[in-house]
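Report on the following structure.
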Amino acid sequence: MPDPFSAAPRIIEVAIPTPLRRCFDYLPGPDTPVQGWQPGLRVKLSFGHRDMVGIVVGTKQDSDVPTSRLKPIKALIDQTPLPADWLALCRFTARYYQHSLGDTLFQALPVLLRQGRPLEARTLDRWRLTSRGQKTSAEQLGRAHKQAELLDMLRQHRRGMPHTAITAQGFTRQQLEALAGKGLVEVHTEQAIAPPRDNHETLAEPSLTLSREQSEVLAALHAQLGRFSPSLLHGVTGSGKTEVYLQLIEAVLHRRQQALVLIPEIGLTPQTLDRFRRRFNVPIVALHSGMSDNERLDAWEAAGAGRARIIIGTRSAVFTPMAALGIIIIDEEHDDSFKQQDGLRYHARDLALVRAQSEHIPVVLGTATPSLVTLRHARDGRYHHLHLTRRAGHSRKAHIELLDIRGRPQDGGLTPPALEAIREQLALKRQVLIFINRRGYAPTLACHQCGWLAECPRCDARLTLHRHPPELICHHCDHHVALPDACPSCHSGDLRPQGSGTERTEDALATAFPDTQVLRVDRDSTRRKDALQHTLDIIHRGDPCLLVGTQMLAKGHHFPHITLVVVVNADGGLYSADYRALETSAQLLIQVAGRAGRAEHPGRVLIQTHHPDDPGLLLLAEQGYDALAERLLVERRQAGLPPYRHLMLLRGESPHQQNLLELFGRIGEALRGHVAAHDIRVDCLGPVPAPMERRQGRYHVQLMLAADGRAPLHDAGAWLVHYMEQLPEARRLRWSLDVDPVALD
Ligand code: ADP
Ligand code: ZN
Ligand code: ZN
């Protein structure tokens with residue numbers, strides 16, 4: 001019998017934030033959306049015994065579950081669905097990363113929308129002068145002095161001020177109302193993140209005159225506006241990439257489009273944001289972890305509605321819906337922080353490319369040290385390869401030297417030649433940066449009698465010695481242990497710190513250069529809000545000083561007075577088990593080196609190493625990153641590693657070592673059987689224990705899948721996830737599938 005209500009779907013498919021890789025069927029509830037049950041509508045429903053928010057992803061006429069057992073949707077949250085291209089990007093993400101669609105959608109939403117808050121612009125009341133108020137002088141208010149003062153203050157704030165800001169300045173509600181009674185002030189209601197009034201200029205300050213190289217690059221990028229076109233902007237540190245972004249965005253704004261800029265960190269590099277804000281007269285929003293939930297919702301809404309014209313954010317900003325997106329820029333594209341390392345393990349750079357393709361817009365990947373993945377695409381002609389080879393202004397490129405530290409005494413990690421080089425620069429009243437990639441006082445504590453080392457009871461790792469306060473801390477699981485008075489093994493009291501961390505280097509420098517200020521920048525020294533900014537302010541004053549820090553200092557900062565960079569130890573990346581270690585440590589060294597020689601003084605970079613003959617390190621020092629990258633690409637091709645092959649990693653963890661390895665052995669066998677039976681061209685390697693097998697008291701193993709093509713790898717991954725979900729033993733362990741892993745730990 002034909003259904004008399006055939007226009008109305010009988011079943012609504014809903015995505016719910018659970019790890020389960022499936023959607024759920026519901027019956028339509030009491031509310032009917034005005035424009036029908038479109039994908040992207042948020043609804044309230046009960047799931048199990050809980051009330052939850054879900055997102056409609058489809059409709060159908062029949063369910064595998066008997067209708068009598070289906071529940072109705074409780075209520076409709078949205079009348080207008082979330083944007084279709086946002087939904088499409090989330091669907092792609094869930095599929096590509098083999099993740100639950102419900103979880104993906106909810107991770108891509110601001111917290112308040114996950115909780116069911118309506119999506120609408122919040123409004124803000126601001127008090128401002130009426131046109132009569134503008135013509136009234138303070139004197140005309142006679143003896144009402146406070147009112148006169150208030151009138152003058154509002155005259156300074158043409159956009160008006162919220163009530164709270166006015167009372168915070170010591171004025172009262174009565175004074176405001178008195179002025180309102182005289183028709184001099186009024187309340188104006190505007191949306192959060194509203195465009196500026198009275199000003200139609202895009203630029204708030206003139207742009208710089210570009211160098212010839214910059215102009216050529218900009219012209220090439222201009223030509224790509226309006227269509228999908230990826231470019232690698234490969235420019236040495238300080239070559240003026242950011243200036244190119246700014247002028248390109250200016251063109252995008254003139255096309256009445258929006259720009260999305262992804263950067264690795266906002267907290268560490270407030271300058272980047274400041275530069276955008278100084279340049280443009282349009283609403284710019286930043287999206288980062290330091291924002292309140294309300295601010296995030298405002299930013300999301302304003303971007304989606306098109307009022308925010310430039311969005312600058314860290315990796316999750318790639319999911320921000322934008323009404324008229326015209327370009328995506330990814331600064332420092334090589335940075336691993338674009339890859340989320342837990343839960344939904346997406347790579348924001350890769351998703352940005354997917355998004356740009358589906359929205360038909362260009363995407364610019366900027367860096368001084370391209371990732372090998374991006375470099376390969378550029379070399380194969382899939383990306384435009386644009387170069388900036390010279391530094392902007394007059395600054396010259398730093399000169400890199402390797403310093404052999406074998407057999408040399410060290411003080412806080414620094415050898416006599418390094419100390420001498422520092423002394424020279426201080427005598428010239430310059431600043432020096434000492435880079436050491438380890439916080440704390442020393443990487444471990446050792447017994448000088450029996451060789452005992454302080455180890456974490458929960459991890460296969462040494463405990464780091466900290467001085468302030470004195471204790472041993474595991475940097476992997478944050479386990480804290482009091483300092484022992486004597487060796488727990490032989491009871492000797494002769495316990496000594498081994499190696500150096502930032503605190504010890506700081507101490508050594510303070511002793512060697514008692515008249516010079518030593519500033520330390522690491523996660524410990526910058527825990528207090530504003531501590532980093534305070535330190536940066538001191539450095540920018542330009543007085544001679546020594547700056548000791550971790551990679552927090554490597555990103556984005558411009559230190560015009562630093563003329564020498566000392567790298568305490570470059571050996572970490574040389575003989576690591578991780579095939580990407582040399583790539584990432586070379587990128588870091590070049591980033592750090594880029595801090596030197598920004599102003600008129602040429603910079604010098606001293607890299608201390610036990611392996612001054614290492615071919616990779618030599619190539620980096622003598623010929624630079626690009627030469628090393630070429631060589632690494634050849635090696636990767638020969639070894640059958642990314643970017644020439646693709647990887648997936650199945651990770652598992654459990655408190656029981658033996659069962660875990662045995663179970664993963666069986667999973668590996670099943671997978672091999674499946675790919676052999678279906679002629680899927682995927683290799684299955686392992687299982688092997690993770691490089692740090694025990695972490696937080698749990699054992700970690702991994703199974704690697706490798707393939708030449710993405711399609712077979714994807715098929716094998718999908719099968720594996722399904723197999724794991726059915727496997728009863730897998731319920732008792734934690735496991736995850738990492739597509740295109742950036743770290744094999
Ligand atoms: P990058 O992003 O490549 O590190 P920036 O855009 O930050 O480089 O430029 C480095 C410095 O050079 C900045 O202080 C910037 O203001 C300056 N600069 C960039 N382009 C020009 C230019 N065309 N003329 C003068 N100074 C410039
Ligand atoms: Zn001992
Ligand atoms: Zn630990």
Side-chain angles (χ1 to χ4, degrees), residues 205-218 233-249 261 263-264 269 271-276 278-279 329-333 364-370 386-398 444-464 472-481 484-496 498 540 554-561 590-591 593-600 692-698 700:
E205 63 169 22
S207 11
L208 300 178
T209 307
L210 295 184
S211 70
R212 185 147 157 209
E213 249 186 353
Q214 281 174 313
S215 311
E216 284 167 12
V217 164
L218 183 64
L233 176 50
H234 185 170
V236 298
T237 322
S239 58
K241 295 184 290 295
T242 310
E243 186 60 34
V244 171
Y245 305 152
L246 290 167
Q247 300 199 20
L248 185 61
I249 290 174
V261 182
I263 62 179
T269 53
Q271 304 95 309
T272 310
L273 199 58
D274 289 348
R275 255 173 100 181
F276 280 77
R278 272 202 312 273
R279 177 67 54 90
I329 291 169
I330 301 164
D331 192 28
E332 310 291 3
E333 68 82 27
V364 180
L365 311 180
T367 177
T369 52
L386 306 171
H387 296 271
L388 290 175
T389 58
R390 280 184 291 277
R391 287 189 160 198
H394 300 291
S395 60
R396 270 170 284 170
K397 199 168 162 180
T444 191
L445 186 68
C447 170
H448 199 59
Q449 293 305 315
C450 75
W452 169 87
L453 294 169
E455 285 175 345
C456 177
R458 308 198 293 165
C459 306
D460 295 331
R462 312 254 162 86
L463 292 168
T464 303
L472 294 165
I473 302 175
C474 175
H475 285 188
H476 302 279
C477 72
D478 207 35
H479 186 67
H480 289 231
V481 179
D485 297 325
C487 170
S489 173
C490 73
H491 309 290
S492 152
D494 193 1
L495 296 178
R496 300 186 188 179
Q498 288 247 304
H540 286 299
K555 291 178 188 172
H557 299 285
H558 293 203
F559 298 124
H561 308 282
I590 296 296
Q591 296 287 320
R595 307 304 116 208
R598 285 237 161 193
E600 63 278 16
M692 189 185 294
E693 184 176 13
R694 202 167 48 100
R695 267 195 320 257
Q696 281 193 290
R698 300 171 68 87
H700 297 248

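Computed from a prediction, not measured in an experiment: that's the story for all the values here. Note that ligands are numbered from 1 as they come in the structure, with each ligand's atoms numbered from 1 the same way.
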Chi angles and distances behind the side chain to side chain contact (heavy atoms under 4.5 Å, CB included) call for Leu388, Leu233: CA-CA 8 Å; Leu388 290 175; Leu233 176 50; 4.1 Å; yes

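When non-hydrogen atoms are compared, ligand 1 lies under 4.0 Å from neither the backbone nor the side chain of Glu213. For Arg391, no heavy-atom contact with ligand 1 is shorter than 4.0 Å.
Using a cut-off of 2.8 Å, one finds that His491 contributes no N/O/S atom close to the Zn ion (ligand 2). Note on Cys487: counted as a metal contact of the Zn ion (ligand 2), an N/O/S atom lying under 2.8 Å.
In this structure, Pro370 and Glu333 approach most closely via the heavy-atom pair CA-OE2, 3.3 Å. Taking both residues in full, the closest heavy atoms of His491 and Ala486 are given as O-CB, 3.7 Å, listed atom of the first, atom of the second, then distance.
Ligand 1 places these atoms under 4.0 Å from at least one heavy atom of Gly240: 1 (P), 3 (O), 5 (P), 6 (O), 8 (O), 9 (O), 19 (C). Under a 4.0 Å criterion applied to the non-hydrogen atoms of Thr209, ligand 1 contributes the atoms 22 (C), 23 (N), 24 (N). When each atom of ligand 1 is checked for a heavy atom of Ser211 under 4.0 Å away, the hits are 23 (N).
At a cut-off of 3.5 Å, with distance as the only test, a side-chain donor of Arg496 or His448 sits close to an acceptor on the other residue.
Inside a sphere of radius 2.8 Å centred on the Zn ion (ligand 3), the protein N/O/S atoms present are Cys456 SG, Cys459 SG, Cys474 SG, Cys477 SG.
In the displayed structure, Arg390 atom CZ is contacted under 6.0 Å by at most 12 heavy atoms of other residues, nucleotides or ligands.
Among Thr237, Thr242, Leu233, the residue whose heavy atom lies closest to atom 2 (O) of ligand 1 is Thr242. Heavy-atom proximity to atom 1 (P) of ligand 1, evaluated over Arg275, Lys241, Arg212, Glu332, is greatest for Lys241.
At least one heavy atom of Gly238 sits under 4.0 Å from some atom of ligand 1.
Salt-bridge check for Glu243 with Arg279: passed, with a basic side-chain N closer than 4.0 Å to an acidic carboxylate O.
No donor-acceptor pair closer than 3.5 Å links the side chain of Lys241 to the backbone N or O of Gly366. Counting only distance, with no hydrogens or angles, the side chain of Gln247 and the backbone of Ser215 share no donor-acceptor pair below 3.5 Å. No donor-acceptor pair closer than 3.5 Å links the side chain of Asp460 to the backbone N or O of Met692.
In terms of N/O distances under 3.5 Å, ligand 1 is not approached by Leu208.
With the Zn ion (ligand 2) as the vertex, SG of Cys447 and SG of Cys450 span 110° to the nearest 10°.
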